[in-house]
Each structure stands twice: as C-alpha cells, then as structure tokens.
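Below: one structure, written as structure tokens.
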Amino acid sequence: MDSNDLTRSIEKSMKPYRGKFPTFTQLPTDGRAREEILQDMRAFYKLEESKWKDGYVSGTVYNGDQDHIDFLNEVYAINSQSNPMHFDTWPSSVKFEAEIVSMTANMLGAASTEDEISGTVSSGGTESILLAMKTYREWGRVEKWITKPEMIVPTTAHAAFDKASQFFNIKAVRVPVGKDFRADVEATRAAITKNTVVIVGSAPPFPHGIIDPIEELSELAREHNIGFHTDACLGGFVLPWAEKLGYKVPPFDFRLPGVTSMSADTHKYGYAAKGTSVVLYRGSNLRRHQYYMITDWPGGLYLSPTLAGSRPGALSAACWAAMISIGEKGYLEATRRILQTADLIKKAINDIPELYVFGDPLFNVAFSAHDLDIYAISDQMEKRGWGLNGLQHPPGIHLCLTLRHTQPGLSEHFIVDLQDSVKWVQQHPNQAGSLGPVYGMASNIALGGAVKDILRDILDIAYSA
Ligand SMILES: *Cc1c(COP(=O)(O)O)cnc(C)c1O
C-alpha cells in the first residue's frame with residue numbers, strides 16, 4: 001500500500017457520509033429547517049448505533065442502557081445553558097462539582113485518611129492528567145526550586161502523560177515494565193534525580209490492564225518527598241467495588257500515604273456522559289498549584305480551576321445525576337456483571353490453544369497469539385464486526401469490557417468469532433495482518449512512510465469537510 005492508497009482508505013472509513021448527506025463548508029444563507037436537521041441526526045444515529053450498543057467495541061460506551069441515556073439526556077436538557085464559571089448565576093453547577101469531587105474522593109480512600117482530599121472536575125482523563133502534571137511542575141518550582149522538572153512514567157502509562165510532558169515542558173523519564181507488565185520499582189528508584197517532581201503509576205494502565213505496584217512506587221516517592229500520581233482513569237470506578245466483591249485488588253488509592261494525587265474518569269465506569277473526569281489531591285495545598293488567576297487584566301479579576309474557561313455545567317449536572325442515581329449498590333452490581341463476563345472471556349481465550357491472555361487483568365483483557373499474526377486475527381475480528389484495540393510492544397489486541405458486553409449471549413458470540421478468526425488465519429498463513437494499531441480506531445493501518453506523518457494526515461483528513 002503506498003501513501004495515496006493509505007490516505008484513500010482512511011478517508012473512506014472516516015468520511016462515509018460524503019455525497020450521501022448535505023455538506024456545509026460555509027454557513028447556509030437561510031437557516032436550515034430544524035426538522036430536516038433532526039432527520040439527518042437521527043439517520044446518523046441509526047447508522048452508528050448498533051456498533052457500540054450491541055457491544056462490538058472495546059471500551060468506548062461504558063453503560064449505554066437506554067433508560068440511563070434517556071435520564072442523562074433529560075438532566076442535560078434542563079441544564080444546557082449552565083456554566084460553572086458564572087457561579088453567581090448557576091450555584092447549582094458549583095454544588096454538583098463539589099459533590100462529584102467529594103463522592104469520588106470518599107470512594108477512593110479519603111474516608112480512611114486524616115488528610116483532606118481535594119480536587120476538581122475536568123473534561124476527561126487527559127485533562128485530569130495534564131492538570132496533575134502541571135500542578136507538580138508548579139509545586140516543584142515554588143516549593144523545591146526545581147527549574148528543570150522531571151516526571152517518572154512507566155512505558156505503559158497513558159499517552160496523556162507524554163502529552164503533559166510536551167505541553168508543559170516536563171522531562172518524561174520512561175521506565176520499562178517487567179515481564180509481568182507491571183512498572184519496574186528498581187528502575188524507578190534508579191531514575192529518581194534531584195529534579196524529579198512526580199512518579200506515576202496506573203491502576204490499571206490501558207494496554208494490558210495489570211495494576212502497577214502502587215504501594216512500592218508511592219512509598220518510594222514518599223521517601224524522597226516527591227509527588228505520586230495514581231492514574232485510575234480506567235479503574236477508579238471499578239476497583240473499589242471489585243475489592244468489595246472479593247476480587248484481589250492491590251492497594252492503589254489514598255489509603256496509601258504516598259499517593260498524593262489521582263485521576264478517575266466519571267465518563268468511563270462512572271457512567272456519566274462523555275466529558276467529565278475528576279482529579280484529586282492529598283491536602284488542599286497541591287490543588288492551589290493547579291489554579292489559574294490574573295489580577296490586572298482589564299476584563300477584571302479572573303480565576304479558573306482547570307484548563308478551560310467557560311465549561312459545560314450540563315455535563316457536570318449529568319455526571320452528578322449519574323452518580324447519585326446509580327449509588328453504591330448500582331456500581332457494585334455493574335462491577336459484578338462486568339467482572340464475571342471478564343472472567344468468562346479470559347478463560348475462553350486461554351482455552352484457545354493458539355492464544356494467551358497477557359497476565360491476569362481484571363476487566364481490560366489483552367491477548368496475543370503464540371505462532372500466528374495477532375493483527376491478522378484482529379483484521380478477521382473486524383470483518384466480523386468487532387472493534388478491538390490494537391497494541392504494540394509487544395503486539396496484541398485488547399477488549400476493554402463494559403456493561404455493553406454483559407448482554408446475554410455476547411461473550412459466547414465473541415468467543416465463537418475469535419475461534420473462527422484463529423482458524424481462518426491458520427488456513428491463510430500468507431495473509432499478513434495490517435500493521436500499526438491506532439488508538440481509538442478499529443482498524444490497524446498499514447504503515448508505509450514515516451509514521452508520525454501518517455498520523456498527522458489522519459488528523460488533517462478528520463478536519464476536511
Ligand atoms: C482513558 C484513559 C485515560 C485518558 O482518558 P481520556 O478520557 O480519553 O482523556 C488515561 N489513563 C487511562 C488508564 C485511561 O484508560
């Protein structure tokens with residue numbers, strides 16, 4: 001495949017509506033009829049709904065029950081004009097956000113420590129991580145006179161940490177993970193310098209789902225008076241309930257004295273609508289390093305807690321409503337269903353002789369093949385409608401289980417398709433799988449030229465009308 005073919009194939013999958021629906025490259029002179037707009041919206045919805053609703057994708061939609069969606073939509077509609085930046089106009093938004101933070105903190109060990117746990121609501125896991133890393137940079141500068149800050153990050157930690165390193169000019173020191181896919185404690189110890197402001201661990205990391213040794217890593221940080229961030233974007237709303245259900249969950253939250261901050265995504269297993277997450281800190285001092293203020297702007301005194309200025313109060317309202325409508329019992333039951341399904345799928349994958357699961361993850365199951373091309377298997381799964389995540393270093397594929405996968409018959413269907421895909425690949429040994437798994441895309445993309453150029457092309461295509 002040359003790069004033109006590649007561009008064409010990306011365009012084909014990203015722009016299926018060209019020629020089938022009206023395209024607007026400039027504003028229509030007369031506004032379009034609302035009913036026509038709604039008709040097209042409903043058509044898009046219909047075309048796109050089955051893929052996520054029927055449980056064919058990894059992660060992505062974590063709840064998706066129709067009555068839950070309807071309820072969140074109603075909450076959104078009531079609050080669609082609200083903006084927590086204008087806290088005098090919408091004190092309700094301020095209340096929702098304070099309580100989201102408090103409920104999340106208490107779920108993650110705040111009740112078991114003397115320290116106050118503070119935090120803010122953000123727009124997603126990436127923003128929570130960006131904010132935490134920016135906070136440690138400021139903390140290091142103000143309190144430790146560190147002008148060349150460094151963060152120590154396991155290779156499996158989310159790409160958002162690398163983004164933070166680039167955005168905020170913090171040197172990211174990458175430490176390898178061991179054969180068990182957990183962050184290497186000794187390599188981390190060796191990587192600490194006088195410029196280290198924070199050590200990172202994930203509970204669990206996205207790729208293989210194996211929780212890092214948070215206890216050892218956070219103690220290491222504490223010994224050196226360095227911050228420690230647990231990225232529980234994925235696990236924050238699962239692990240506390242998994243523990244209550246009797247699953248083996250290593251300590252990862254504020255019950256560990258060395259953990260000084262955490263990220264937990266309400267818009268994943270918190271079952272809120274997309275667009276919210278929580279970042280938490282031990283004490284109230286660290287959070288102050290996150291805030292932004294300017295006192296001499298002609299527009300007046302200005303303050304904001306996070307990256308955005310104006311913020312969608314309706315999303316915080318929907319998040320708050322999701323949390324209190326589900327409650328402890330609801331989260332416990334959801335987790336029970338997801339983990340039971342994960343157990344079933346893990347066992348079934350390991351029962352296919354050609355395949356093996358990487359380690360023993362709780363709910364995001366990554367696996368590979370002994371002597372077959374795992375990307376070819378992934379391509380076959382895609383042909384059967386499945387959107388799995390491709391992994392690299394080492395090659396693998398990944399199914400992040402959500403409530404969508406607990407629908408009756410779904411795990412059995414997944415396994416049958418997986419067995420068929422393995423058989424197909426065995427019978428077609430010369431059909432190489434496409435290479436280059438792209439996060440967030442179902443397909444693996446064959447890589448011809450410089451990989452970063454192709455990734456840039458993908459974003460350029462996305463923004464072409
Ligand atoms: C999803 C995820 C993130 C980032 O979250 P976004 O909401 O996509 O920005 C960070 N860390 C882990 C482990 C995740 O799974």
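From a predicted model like this one, the values you see are computed outputs, not experimental measurements. Whatever order the structure lists ligands and atoms in, that order sets their numbers, starting from 1.
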Looking only at N/O atoms, are His158 and ligand 1 under 3.5 Å apart anywhere?
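There is no such contact.
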Got an N/O contact under 3.5 Å between Pro205 and ligand 1?
no
Is the contact between [X] and ligand 1 made by the side chain, the backbone, both, or neither, using heavy atoms and a 4.0 Å cut-off?
X	value
Pro204	backbone
Asp231	side chain
Glu127	neither

Atom indices of ligand 1 within 4.0 angstrom of [X] heavy atoms, with elements:
X	result
Gly125	4 (C), 5 (O), 6 (P), 7 (O), 9 (O)
Lys268	1 (C), 2 (C), 3 (C), 4 (C), 5 (O), 14 (C), 15 (O)
Thr126	4 (C), 5 (O), 6 (P), 9 (O)
Leu234	15 (O)

Name every donor-acceptor pair, under 3.5 Å, that has one atom in a side chain of residues 305-329 and the other anywhere in the protein, sequence neighbours excluded.
| unit_1 | atom_1 | unit_2 | atom_2 | d |
| --- | --- | --- | --- | --- |
| Ser310 | OG | Asn83 | ND2 | 3.1 |
| Arg311 | NH1 | Glu97 | OE1 | 3.1 |
| Arg311 | NH1 | Glu97 | OE2 | 2.9 |
| Arg311 | NH2 | Glu97 | OE1 | 3.2 |
| Ser316 | OG | Glu97 | OE2 | 2.6 |
| Trp320 | NE1 | Glu99 | OE1 | 2.9 |
| Ser325 | OG | Ala321 | O | 2.9 |
| Ser325 | OG | Ala322 | O | 3.1 |

Please name the pair of heavy atoms, one in Ile146 and one in Val197, separated by the smallest distance, quoted to 0.1 Å.
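Looking at all heavy atoms of both residues, the shortest contact is CD1-CG1, 3.9 Å.
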Can Ile129 be said to touch ligand 1, with heavy atoms closer than 4.0 Å?
yes
Gly235 to ligand 1, any heavy atom closer than 4.0 Å
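Gly235 does not count as a contact of ligand 1 under the 4.0 Å cut-off.
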Ring-plane angle category for Tyr331 and Phe237, please: parallel below 30°, perpendicular beyond 60°, tilted otherwise.
tilted
Parallel, tilted or perpendicular, judged at 30° and 60°: which one describes the rings of His413 and Trp386?
tilted
Is there a side-chain contact between Gln290 and Val279 (heavy atoms, below 4.5 Å)?
yes
Kindly indicate, with the supporting measurements, whether the criterion ring pair (Phe, Tyr, Trp, His ring centres under 6.0 Å) is fulfilled by Phe367 and Phe358.
CA-CA 5 Å; Phe367 56 99; Phe358 292 126; 8.3 Å; no
Heavy-atom neighbours of Asn169 CG exceed 12 at 6.0 Å
no
Pairs involving residues 238-250, ordered by first then second residue, that meet side-chain hydrogen bond (donor to acceptor under 3.5 Å, both in side chains) (sequence neighbours left out):
Glu243-Arg255, Tyr247-Asp343
